[in-house]
Amino acid sequence: MRRSRLRTRKIGYNLIMIGPPGSGKSMLAKRLPGILPPLSLSESLETTQIHSVAGKLPRDTSLISQRPFRAPHHTISQVALVGGGNNPQPGEISLAHNGVLFLDEMPELSRSVLEVLRQPLEDRRITISRAKYSVEYPCSFMLVASMNPCPCGYYGDPTHNCACTPGQIQRYMNKISGPLLDRIDIHCEIQAVPFAQLSQMQPGEPSQMIRERVMKARQIQTERFSSLPKQVGAVKVYCNAQMTERMLHEFAEPDAASMDMLRMAMERLKLSARAYSRILKVARTIADLEGSEKVLSQHIAEAIGYRSLDRGDWAERGV
Ligand SMILES: Nc1ncnc2c1ncn2[C@@H]1O[C@H](COP(=O)(O)OP(=O)(O)OP(=O)(O)O)[C@@H](O)[C@H]1O
Ligand SMILES: [Mg+2]
Ligand SMILES: [Zn+2]
């Protein structure tokens, strides 16, 4: 696979879910490929090709038509994750190309394995070099990670006591390095639903309906960016996640009141500066999902809620 042929579109925002055991993190992750837009024919072909090279194409399948969902165990080696070997094979990140890579219990992965993820997340392709040649595989995937809120799992859970000290909690959080966290757009806190409520619940919205909303929001974004003048050599922008600072200014600028709220929230929650543009991008997407032309204060407020791990006071906030 040559560089010139690689199409490496961003699949979706990267996501980390933080919640106690049994709160449904794994279940939510598995549902994600089903709410993403269906694979296009060229994506299908590309995905099939990678699985075929890796010898992972099921015997009765000639074309992969579902977005991949890969969930390697946290004991996975670097080579198995990013690819390699004497006869360079694609790793899990390439098998997840055009789909979801689910890293359950992310802090349990070794630091070296977490570090090798950074570059491919940025480039969406990986080069494996050998003495005489190098091979390149695409790896444009949506990273979905999960973690407990603390080592025992129950920090902030209303039905269990957490036995961890603030120091232990902070050390656990620090296992995920800042630069990696910086590439994760949405931090989502999951609360367990008590069993009594769970058993009485009406069935939720089917994935197919959510997928239709996602596709509508994508269409709005495609139209937004197709009107931009083309710049030679510049990466083509087709979704909110790729917006530059200037585009944020043009398309995601909140009104004065929302801006004040954002400024206050950043100070009060001790949010880092890098959280700022993430919040605006995600707020733009929330507005698109609602079909709102303007980014409104409720969109900003929701987006602020998705930066929990940027907060400097995680281990002391006593939720
Ligand atoms: N909100 C919910 N709606 C429906 N089912 C749920 C919900 N939350 C949990 N469940 C059910 O509880 C079970 C456990 O969920 P799941 O394995 O996804 O939790 P988890 O957060 O991944 O836990 P762990 O940290 O132990 O891996 C699932 O089989 C799922 O059916
Ligand atoms: Mg799980
Ligand atoms: Zn704990």
Practice problem: Tell me, with the steps shown, if Glu253 and Leu248 meet side chain to side chain contact (heavy atoms under 4.5 Å, CB included). | Solution: CA-CA 6 Å; Glu253 187 89 332; Leu248 278 177; over 6 Å; no

Practice problem: Assess whether side chain to side chain contact (heavy atoms under 4.5 Å, CB included) is satisfied between Arg70 and Phe102, documenting all intermediate values. | Solution: CA-CA 6 Å; Arg70 305 291 303 184; Phe102 179 45; over 6 Å; no

Exercise. Show your working on salt bridge (Lys or Arg N to Asp or Glu O under 4.0 Å) between Arg224 and Asp288 and close with a plain yes or no.
Key: CA-CA 11 Å; Arg224 170 176 303 135; Asp288 289 342; 2.8 Å; yes

Exercise. Could you check Lys175 against Met147 for side chain to side chain contact (heavy atoms under 4.5 Å, CB included), going step by step and ending with a plain yes or no?
Key: CA-CA 11 Å; Lys175 284 191 185 173; Met147 68 189 288; over 6 Å; no

Exercise. Could you check Val53 against Tyr137 for side chain to side chain contact (heavy atoms under 4.5 Å, CB included), going step by step and ending with a plain yes or no?
Key: CA-CA 10 Å; Val53 168; Tyr137 293 116; 3.7 Å; yes

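Looking at Asn86 and Arg130, their side chains never bring a donor and an acceptor atom within 3.5 Å of each other. Between the side chains of Gln219 and Glu223, at least one donor-acceptor pair of N or O atoms lies under 3.5 Å. Ser258 and Asp255 are linked by a side-chain donor-acceptor pair at a separation below 3.5 angstrom, with hydrogens and angles left out of the test.
Judged by distance alone, the side chain of His299 and the main-chain N or O of Leu296 form a donor-acceptor pair under 3.5 Å. A distance-only check finds a donor-acceptor pair linking the side chain of Thr48 to the backbone of Ser44 [under 3.5 Å]. Between the side chain of His187 and the backbone N or O of Ile16 there is no donor-acceptor pair closer than 3.5 Å. Arg307 places a side-chain N or O within donor-acceptor distance of the main-chain N or O of Asp185, the cut-off being under 3.5 Å. Proximity of a side-chain donor or acceptor of Ser226 to a complementary backbone N or O of Thr222 within less than 3.5 Å is detected. Of the possible polar contacts, one joining the Ser292 side chain to the Lys294 backbone as a donor-acceptor pair under 3.5 Å is found. The main-chain N or O of Pro20 is never found under 3.5 Å from a side-chain atom of Tyr155 such that the two would form a donor-acceptor pair. Judged purely by atom type and a 3.5 angstrom limit, Arg284 uses its side chain to pair as donor or acceptor with the backbone of Phe251. The main-chain N or O of Arg183 is found under 3.5 Å from a side-chain atom of Asn14 such that the two form a donor-acceptor pair. Glu290 places no side-chain N or O within donor-acceptor distance of the main-chain N or O of Ala287, the cut-off being under 3.5 Å.
Proximity of Tyr306 to Ile286: side-chain heavy atoms (C-beta onward) are separated by under 4.5 Å at one or more points. Side-chain contact check for Leu143 versus Leu15: every heavy-atom pair is 4.5 Å or farther apart. You'll find the side chain of Phe141 reaches within 4.5 Å of the side chain of Leu121, heavy atoms only. Asp310 has its side chain out of reach of Leu269: every pair of non-hydrogen atoms, C-beta onward, lies at least 4.5 Å apart. The shortest distance between side-chain heavy atoms of Val135 and Thr127 does not fall below 4.5 Å. In this structure, Pro68 and His97 have side chains that are not in contact, with every pair of non-hydrogen atoms separated by 4.5 Å or more. At a threshold of 4.5 Å between non-hydrogen side-chain atoms, the residues Tyr13 and Val282 count as touching. In this structure, Leu262 and Leu280 have side chains that are in contact, with non-hydrogen atoms separated by less than 4.5 Å.
Rounding to the nearest 0.5 Å gives a distance of 12.0 Å between CD1 of Ile279 and CD of Glu302. The distance from the NZ atom of Lys56 to the OG atom of Ser94 is 11.0 Å, given to the nearest 0.5 Å. Taking NE2 from His74 and OG from Ser146, the interatomic distance works out to 9.5 Å, rounded to the nearest 0.5 Å. Note that CZ of Arg111 is 9.5 Å distant from CD1 of Ile176, once rounded to the nearest 0.5 Å. In this structure, CZ on Arg268 lies 14.5 Å from CZ on Arg263, to the nearest 0.5 angstrom. Taking SG of Cys139 as the start and CD1 of Ile11 as the end, the distance is 10.5 Å to the nearest 0.5 Å.
Every residue two or more places apart in sequence or in another chain that forms a side-chain contact (heavy atoms from CB on, under 4.5 Å) with Thr159 is listed here: Asp157.
When all heavy atoms of Pro151 and Gln168 are compared, the pair lying nearest together is CG-O, 3.9 Å. Nearest heavy-atom pair, Ile304 versus Ala265, reported as atom, atom and distance to 0.1 Å: CD1-CB, 3.6 Å. Closest approach of Ile64 and Leu39 over heavy atoms only: O-CD1, 3.8 Å. The shortest non-hydrogen separation linking Ser308 to Glu189 is OG-OE2, 2.9 Å. Contact record, Gly153 with Asn148: CA-CB, 3.8 Å, taken as the closest heavy-atom pair. Contact detail for Pro37 and Arg218: the closest heavy-atom pair is CG-NH1, 4.1 Å.
Using a cut-off of 4.0 Å between Lys/Arg side-chain N and Asp/Glu carboxylate O, Glu205 and Arg213 are scored as salt-bridged. Residues Lys25 and Asp104 are not paired through a salt bridge, judged by the lack of any N-O separation under 4.0 Å between the basic side chain and the carboxylate.
Within a 6.0 Å sphere centred on NE2 of His249, other residues, nucleotides and ligands contribute 12 heavy atoms or fewer. Residue Gln66 places its CD atom among 12 or fewer non-hydrogen atoms of other residues, nucleotides or ligands, all under 6.0 Å distant.
Using cut-offs of 30° and 60° on the angle between ring planes, the pair Tyr154 and His160 is parallel.
Taken together through direct or relayed side-chain contacts under 4.5 Å among Ile, Leu, Val, Met, Phe, Trp and Tyr, Ile126 and Leu103 form part of one hydrophobic cluster. Leu109 and Ile93 fall within the same hydrophobic cluster, defined by Ile, Leu, Val, Met, Phe, Trp and Tyr side-chain heavy atoms under 4.5 Å apart, directly or through other members. Side-chain heavy atoms closer than 4.5 Å link hydrophobic residues (I, L, V, M, F, W, Y) into clusters, and following such links, possibly through other members, connects Ile300 to Met243. Taken together through direct or relayed side-chain contacts under 4.5 Å among Ile, Leu, Val, Met, Phe, Trp and Tyr, Ile184 and Leu309 form part of one hydrophobic cluster. Under a hydrophobic-cluster definition in which Ile, Leu, Val, Met, Phe, Trp and Tyr are linked whenever side-chain heavy atoms come within less than 4.5 Å, directly or via other members, Leu289 and Leu28 are assigned to different clusters.
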